[in-house]
Amino acid sequence: MRRFIIRNRRAITVVTVIFMIALFAYLIYKTKQLGYGLYKNNTYPGSAFGTSVKTTIYDNDINKRDEASKLVIEDLRGLDERISYRVEGSEMALLNKNYEIDGLNKVSPDVASWINREIEISKETDGAFSPCILPLTQLWGIEDGNEEIPEASYIEDALPLVDSSGLEVVDSSVVIHEFGMGLDLGAVGKGVAADIVKEELDKCGVSGAVVSIGGTVLVYGDKGDNRPWHIGIRDPRGGIDDVLGVLDTEGNTVISTSGDYEQYFEKDGVRYHHIFDPRTGYPANNGLISVTIITPDGFLSDAMSTACFVMGLKDGLAYAEKKGVSAIFVTEDKKVYTTKDINKSFILKAKGYKLEK
Ligand code: ADP
Ligand code: MG
């Protein structure tokens, strides 16, 4: 044995060194995989868009984390004050109050581009989605605390006003063809906000973040452990913290959920919620109770969660597949349908639901 070692001294040294390097590399890999390489993080509560905002920033620099969280909330409030029609003096409130019929009503270039994209989605969904849903939102008053079932004749009168063919965008101006029309960007506001926050986080240079704005969640960058983010999708019949299931996703994704549980009232056992079918004038009533859309484009994610909720399971799923976004649909009989691409990365957790393949 001794003779063998002396004779092969050099080979044994080489093998030992290679073994040590391999072991070292494996330990680094394992440490990262187990999450020991996780960046430090802080969670900052806040509010904007009439809902709660939770910002968790991952970065080893505390100053960067604090600074980014401040800028995120400032951005959200700034956008809310520009595009919420309920905020007096906001760009949207002024447009709705002062527009000249058939004239060029100037708005900021980004607002014009959002309205333009909404008109596109309205066309692609055969009018299931409408940027000018305001007359219906106001008639039903569901988010204004004076909720009631409007008289059928009022609903009938509102239908031509919520048809987006009466609306155009020319350069940076909005052209409105019918008196009584009004714009409500409620269906896309949080998605636009997620896009703006993403740009802000890029500028701040933080490593990772999760920003949830009501039902819209931005997942940004990475948390340092080379693992996907696990994001809970809300149980539409559970409480605020109850999870339907968990989705594994990459950084730079926006996850928006629209459902019949956010804003509603009940009368004679019927639930009247805040997402309307612009073609009937009534809350969408097609057997869906929530729709989640997952895509890097925040605007698209938010717009499509509302649009698909109105379209129903069959047309909504087909539209999601066509647009190349991931989606989770939940029906009132508690069946869960997903687009094919996420049937492995979405894990159903809530009891009583069934995942349909
Ligand atoms: P939330 O923003 O409440 O989480 P959504 O993204 O689904 O949920 O947006 C719902 C809002 O969109 C409503 O409050 C209303 O302002 C507006 N809205 C309702 N129905 C439609 C529709 N068919 N098309 C476009 N916007 C709609
Ligand atoms: Mg939406």
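Order of listing sets the numbers, starting from 1, for every ligand and every atom in it.
Residue contacts with ligand 1: Glu262 is placed with a nitrogen or oxygen under 3.5 Å of a nitrogen or oxygen of the ligand (distance criterion only).
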For this session: For His273 and Phe309, run ring-ring contact (aromatic ring centres under 6.0 Å, His included): C-alpha distance rounded to whole Å, both residues' side-chain angles, the deciding distance at 0.1 Å, then the answer.
Result: CA-CA 12 Å; His273 58 79; Phe309 188 85; 5.5 Å; yes
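In this structure, Pro278 is part of the shell of residues with a heavy atom less than 4.0 angstrom from ligand 1. Ligand 1 does not have Gly215 within reach: every non-hydrogen atom of the residue lies 4.0 Å or more from it. Residue contacts with ligand 1 leave out Ser256, since none of its heavy atoms falls under 4.0 Å from the ligand.
Heavy atoms from other residues, nucleotides or ligands lying under 6.0 Å from CD of Glu266 number more than 12.
Annotation: atom 20 (N) of ligand 1 to nearest protein heavy atom, Phe276 N, 3.0 Å. Given atom 14 (O) of ligand 1, the protein heavy atom at minimum distance is Glu143 OE2, 2.6 Å.
Here Thr216 does not reach the Mg ion (ligand 2): none of its N/O/S atoms is less than 2.8 Å from the metal. Among the backbone and side-chain atoms of Ala187, an N, O or S atom lies under 2.8 Å from the Mg ion (ligand 2).
Residue contacts with ligand 1, taken as heavy atom pairs separated by less than 4.0 Å, involve Asp184 solely via side-chain atoms from C-beta onward. With a 4.0 Å heavy-atom cut-off, ligand 1 is reached by no atom of Glu118.
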